[in-house]
Protein chains: 2
Amino acid sequence: MLAATFISKAPLRLTRAAALSSQIVTEIRNRVFDGSLVPGSFLGSENELAKSFGVSRITVRDALRSLSAMGLVKIRQGAGGGARIAESDLDYFADALAVQFQLAGVGVDETLRAQSAIEGTAAEHRNHEDLERLSGALDHARSVAHDPAAFTEASLGFHLAVAEASRNRALIALLRALRFVVWPSENKRATPDVAARVDKTHREIFARIEAGAGARDAMTKHLGGIRLSKQKQHAEAFC
Amino acid sequence: MLAATFISKAPLRLTRAAALSSQIVTEIRNRVFDGSLVPGSFLGSENELAKSFGVSRITVRDALRSLSAMGLVKIRQGAGGGARIAESDLDYFADALAVQFQLAGVGVDETLRAQSAIEGTAAEHRNHEDLERLSGALDHARSVAHDPAAFTEASLGFHLAVAEASRNRALIALLRALRFVVWPSENKRATPDVAARVDKTHREIFARIEAGAGARDAMTKHLGGIRLSKQKQHAEAFC
DNA sequence: GAAAATTTGTTCGTATGTATC
DNA sequence: CGATACATACGAACAAATTTT
């Protein structure tokens with residue numbers, strides 16, 4: 001009995017072959033990484049893929065759903081449609097990242113610290129156009145300081161501009177995702193006095209970015225100020 | 001008929017109702033964001049979900065494939081199985097991020113600059129245990145300097161430890177994803193002299209992290225050194 | 001602008017492997 | 001070990017959408 005039990009649980013047996021649809025996902029994913037598939041590459045219709053992989057159409061569908069969810073393929077219906085390797089869409093992906101952060105319970109603290117790291121690098125890579133965009137974003141925010149919702153959105157615009165000044169898509173994508181996690185859809189706490197304080201901090205950040213260094217210190221101070229008031233955290237945290 | 005045609009082309013027309021499976025994905029995703037579903041929450045079997053949503057099992061399957069691909073649900077078969085909201089798995093996510101960076105063509109340059117931003121923050125948040133781990137990683141790397149593959153892996157370990165010292169899961173996940181994009185599976189170029197130079201740079205980074213500031217400067221110098229030699233870029237870039 | 005062709009979206013039915021009880 | 005519950009997989013078919021003709 002015991003022997004039979006051991007045999008039936010043969011240790012040599014590798015994890016059984018993964019699901020067929022998973023194998024298809026892995027295959028296509030690998031071909032993207034090794035460069036044999038690039039954005040725009042045509043994969044075929046569901047029926048063609050089913051035939052070429054020797055599986056049913058539903059199995060192919062399962063695989064395409066997974067690939068589509070990771071943003072690796074785009075699917076179009078109609079004549080000439082089918083599955084193609086997607087162009088990169090970091091925004092679409094930021095959503096998936098936001099989901100993971102939500103599950104992980106990544107909160108305001110980690111978000112702001114990551115933001116600080118991202119924006120601190122802008123000072124090192126910003127060019128003249130970046131500075132003009134940042135300056136414009138600041139002026140726009142000030143012009144709508146009386147409108148909490150508009151001011152909040154303008155503040156987001158400022159931070160996005162800062163991230164873009166880093167000229168680094170990885171960091172930009174991370175910031176967009178982080179903002180998606182915690183940015184309140186409507187922020188009614190940005191009262192005029194809060195707006196004035198936020199504006200002051202933002203201009204300090206801008207000045208240091210313009211100087212080309214020290215942005216990290218400004219961000220750290222920004223964060224420190226936020227922590228002074230738990231109640232005001234949500235209002236100021238993302239401005 | 002004509003009226004119908006005009007209506008069908010009405011510019012005000014919002015994006016038409018999304019596919020049923022997409023609606024299910026959105027619904028579950030939203031319930032995770034609003035907190036009514038948390039990791040471990042049981043969603044039901046495919047049949048139960050099909051019944052409760054009023055759609056076929058295959059439509060539910062499509063939705064579950066998408067949710068599973070984003071790492072939002074875990075599926076188990078067998079009695080007592082079914083779909084549950086997943087625990088967070090930032091590693092799994094890092095893979096999806098890596099795919100996007102691959103599609104976007106994010107390369108060595110942006111990777112290193114992002115890495116610099118990530119690791120620079122470690123100096124601000126490291127504690128005593130972090131320093132011990134970092135020191136251990138450095139010693140381990142030095143002890144295998146004669147073995148290119150082992151040294152490369154040890155160097156990765158050092159950088160991961162640095163990222164972990166930032167105590168920020170967003171940054172840790174970003175680093176893991178970036179490394180996945182560009183880390184060579186085998187690095188045969190880490191000759192002893194290269195290893196010695198890398199070791200020196202790493203110890204400089206460590207010293208500044210220990211001091212609690214200035215890590216960014218060390219990283220920047222690291223990057224600058226890498227750029228001196230295009231040929232040696234791949235060997236040194238990720239050490 | 002309308003018809004035709006192509007492809008995805010969706011459903012039902014059925015069979016099989018697998019994990020739990 | 002058997003029974004049960006569940007995901008995985010296949011086949012056929014129709015509806016809806018989109019491009020091409």
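Here is the naming used below: chain letters follow the sequence lines, and residue numbers restart at 1 for every chain.
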Participant: Figure out the CG/C1' separation between B:Asn47 and C:dT14, and round it to whole Å.
Facilitator: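 About 13 Å, once rounded to whole Å.
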Participant: D:dA9 phosphate, OP1 or OP2: any side-chain N/O from A:Ser21 under 4.0 angstrom?
Facilitator: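 The answer is yes; a side-chain N or O of A:Ser21 sits under 4.0 Å from OP1 or OP2.
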Participant: Which is more 5' along DNA chain D, the nucleotide nearest A:Gly78 or the one nearest A:Ser22? Just name the residue.
Facilitator: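 On the 5' side of the pair lies A:Ser22.
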Participant: Mind calculating the distance between CG (A:Leu20) and C1' (D:dC10) to the nearest angstrom?
Facilitator: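 It works out to 11 Å between those atoms.
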Participant: Just how far, in rounded Å, is P of C:dT7 from CG of A:Leu43?
Facilitator: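 Interatomic distance, CG of A:Leu43 to P of C:dT7: 14 Å.
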Participant: C:dT8 C1' sits how many Å from A:Arg65 CZ, rounded?
Facilitator: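 Taking CZ of A:Arg65 and C1' of C:dT8, I get 8 Å after rounding.
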Participant: Does the distance from a Lys or Arg side-chain N to an Asp or Glu carboxylate O, for A:Asp139 and A:Arg142, drop under 4.0 Å?
Facilitator: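 A salt bridge is absent here (no side-chain N lies under 4.0 Å from a carboxylate O).
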Participant: Provide, to the nearest angstrom, the distance between the NZ atom belonging to A:Lys74 and the P atom belonging to D:dT18.
Facilitator: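 In whole Å, D:dT18 P and A:Lys74 NZ are 15 Å from each other.
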Participant: Round to the nearest Å and state the distance from B:Gln77 atom CD to D:dC6 atom P.
Facilitator: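 It is 12 Å, rounded to the nearest whole Å.
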Participant: Looking for any heavy atom pair under 4.0 Å, which part of the strands does B:Glu46 touch: base, sugar-phosphate only, or nothing?
Facilitator: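 If one applies the 4.0 Å heavy-atom cut-off, B:Glu46 turns out to touch a base.
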Participant: Reading DNA chain C from 5' onward, which residue's closest nucleotide shows up sooner: A:Gly81 or B:Ala79?
Facilitator: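 The residue whose closest nucleotide sits nearer the 5' end is A:Gly81.
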Participant: Is the shortest side-chain N to carboxylate O distance from A:Asp62 to A:Arg65 below 4.0 Å?
Facilitator: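 Salt bridge flag = no for A:Arg65 with A:Asp62.
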Participant: Considering only heavy atoms, which members of residues 49-62 of chain A lie under 4.0 Å from some atom of DNA chain D?
Facilitator: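 Of all residues in residues 49-62 of chain A, the ones placing a heavy atom under 4.0 Å from DNA chain D are A:Val55, A:Ser56, A:Arg57, A:Ile58, A:Thr59.
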Participant: If you fit an axis to the five pairs at each end of the helix from C:dA2-D:dT21 to C:dC21-D:dG2, how big is the angle between those two axes, to 10 degrees?
Facilitator: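 The two end axes of the helix from C:dA2-D:dT21 to C:dC21-D:dG2 meet at 20°.
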Participant: Looking only at side-chain N and O atoms, does B:Asp34 offer a donor or acceptor that is under 3.5 Å from a partner on B:Ser36?
Facilitator: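 A pair is found: one side chain offers a donor N or O, the other an acceptor, under 3.5 Å apart.
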Participant: If you compare every side-chain N and O of B:Arg76 against the phosphate oxygens of D:dA5 (OP1, OP2), does one of them come in below 4.0 Å?
Facilitator: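 For D:dA5, neither OP1 nor OP2 has a side-chain N or O of B:Arg76 closer than 4.0 Å.
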Participant: Please name the pair of heavy atoms, one in A:Leu103 and one in B:Gly71, separated by the smallest distance, quoted to 0.1 Å.
Facilitator: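 Closest heavy-atom pair between A:Leu103 and B:Gly71: CD1-O, 3.7 Å.
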Participant: Please report the interatomic distance CG(A:Asp89) to NZ(A:Lys74), rounded to the nearest 0.5 Å.
Facilitator: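 That separation rounds to 5.5 Å.
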